[in-house]
Protein chains: 2
Amino acid sequence: MHFSSRTEYGVKAMLDLALHYGEGPVPLRAIAGRQSVSEHYLEQLMGALRKAGLVASARGAQGGYELAREPGSITVGDVVRALEGPIAPLPCVEEDGRAHCDEIARCVARTVWVRLRSSMEEVLDSTTFADLCQKALQQRNTGDSFMYYI
Amino acid sequence: MHFSSRTEYGVKAMLDLALHYGEGPVPLRAIAGRQSVSEHYLEQLMGALRKAGLVASARGAQGGYELAREPGSITVGDVVRALEGPIAPLPCVEEDGRAHCDEIARCVARTVWVRLRSSMEEVLDSTTFADLCQKALQQRNTGDSFMYYI
DNA sequence: GGAATCCCGAGTGATCCGCTGGGAATTCGT
DNA sequence: ACGAATTCCCAGCGGATCACTCGGGATTCC
């Protein structure tokens, strides 16, 4: 049970953008280099993030990506949903109605998955990229060796 | 991001066994029938659960499976780990040391995954099959139409 | 015009999932 | 002793998804 690495890379990229928020568009090449991810692969993820309205893109020379809103209003959950689909440990507890299981009303096992989903959403939706930025800067200031995200 | 249906079926099967705890071995066929799962497929899952020490098996006629311990001492987390491996949203936050990422100490994104893992474990490890049994019986008593698990 | 970008779709090898099949070993009832 | 009921084990398999790569088109700045 893992999120795919799309999500891992996507969150890293978004954090990178958050750390450069307000400085104009950041080209993919720069992000890919800092995060050691294939530029071409990252491109696909950014496409999804753009369609989800989380990043804005500028084409042409001096173009690139930037956050579509301020870091404090974008959560990790937003990114996960954009890249991975609805957050749900099993199909039968996805939020959109499609049941996929006709025993929903009286399925006892399902109560566990519902609680699990809530608890996952609580963590993911309560963490914004502003929070992560702050943590990153803190880490940089306490002279903690070297900062990964420049 | 879903658990595989191994887990879904496995939890249902374990709950079935829990509801028949103390009545001697339950044959696979009975479980498979009640839970509408392929008997042969369920067999594989039970193999994993047996190796994890969660169920005991009796071969031959009148054989079958039963919980290896009392329902109150087996959690949903136990079953998930037996069928799905360590609970971790990303490989880099698996409990056994294997890092897979050399930036662990200063990777800010990782803190989110760690918190997520904890929160998932908290839910899964705090739910025992005795709890689920109780919920199932409650539901049966409140005349809630019909009980799925007989 | 030319370089730097984003944009898009197609292809690919590996891996896993969900399931099926066949058959051996074990145990119980008669 | 026999046969039915069961667990056990291994092997295969079609489809899906993942993590990429490749190639090329469109756009924008200098």
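Keep in mind that this is a model prediction, so the values were computed, not measured. All chains are named by letter (A, B, ...) in the order of the sequence lines, taking the proteins before the strands, and each is independently numbered beginning at 1.
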Fill in the blank from the handout: Testing D:dC8, C:dG18, D:dA19 for proximity to the side chain of B:S57, the answer is D:dC8
Exercise for the section: Could you state the atom-to-atom distance from NZ of B:K51 to P of D:dC9 in whole Å? Expected result: 6 Å
Handout entry: Separation of D:dG25 P from A:H40 NE2 (nearest whole Å)
Key = 14 Å
Completion exercise
Rounded to whole Å, the OH-C1' distance (B:Y41 to D:dA11) equals 16 Å
Problem - No-H, no-angle donor-acceptor pair, B:E43 side chain to D:dC8 base, under 3.5 Å - result: yes
Problem - Nearest-nucleotide comparison on DNA chain D, the residue closer to the 5′ end among A:E39 and A:Q62 - result: A:E39
Exercise for the section: Let me see the working for A:R117 and A:M120 under side chain to side chain contact (heavy atoms under 4.5 Å, CB included), right down to the final yes or no. Expected result: CA-CA 5 Å; A:R117 186 195 63 194; A:M120 295 172 69; 5.6 Å; no
Problem - Nearest listed nucleotide, side chain of A:S4, among D:dC18, C:dC28, C:dC6 - result: D:dC18
Practice task
Could you tell me whether B:R29 atom CZ has more than 12 heavy atoms of other residues or ligands within 6.0 Å of it?
Solution key: no
Practice task
Look at all strands and tell whether A:Y9 reaches a base, only sugar-phosphate, or nothing, counting heavy atoms closer than 4.0 Å.
Solution key: sugar-phosphate
Exercise for the section: May I have the step-by-step check of side chain to side chain contact (heavy atoms under 4.5 Å, CB included) for A:V37 and A:K12, ending in yes or no? Expected result: CA-CA 10 Å; A:V37 177; A:K12 282 187 176 181; 5.8 Å; no
Practice task
Let me know the distance between CD of B:E8 and P of C:dC17, rounded to the nearest Å.
Solution key: 14 Å
Handout entry: Under 4.0 angstrom between A:S38 side-chain N/O and D:dA19 OP1 or OP2
Key = no
Exercise for the section: Quick one: label A:R29 by what it contacts on the DNA or RNA (base, sugar-phosphate, nothing), any heavy atom closer than 4.0 Å. Expected result: nothing
Problem - A:R59 (side chain) and D:dT27 (base): donor-acceptor pair under 3.5 Å - result: no
Handout entry: Rounded distance in Å - CZ (B:R50) to C1' (D:dC9)
Key = 10 Å
Handout entry: Nearest listed nucleotide, side chain of A:A61, among C:dC7, D:dT28, D:dA4
Key = D:dT28
Exercise for the section: Can you tell me the distance, in whole Å, between the CG atom of A:L90 and the C1' atom of C:dC17? Expected result: 14 Å
Problem - Length of the line joining B:E84:CD and C:dC16:C1', which is rounded to integer Å - result: 11 Å
Handout entry: Parallel, tilted or perpendicular: ring planes of A:W113 versus B:F3, cut at 30 and 60 degrees
Key = tilted
Exercise for the section: Classify the side chain of A:Q44 and the base of C:dC8 as holding, or not holding, a donor-acceptor pair under 3.5 Å. Expected result: no
Practice task
Report yes or no: do A:H2 and B:E94 form a side-chain donor-acceptor pair below 3.5 Å?
Solution key: yes
Practice task
Select base, sugar-phosphate, or nothing to describe what A:G47 touches, counting heavy atoms under 4.0 Å on all strands.
Solution key: nothing
Exercise for the section: Rounded off to whole Å, could you give me the CG-to-P distance for the B:L83 and C:dG18 pair? Expected result: 11 Å
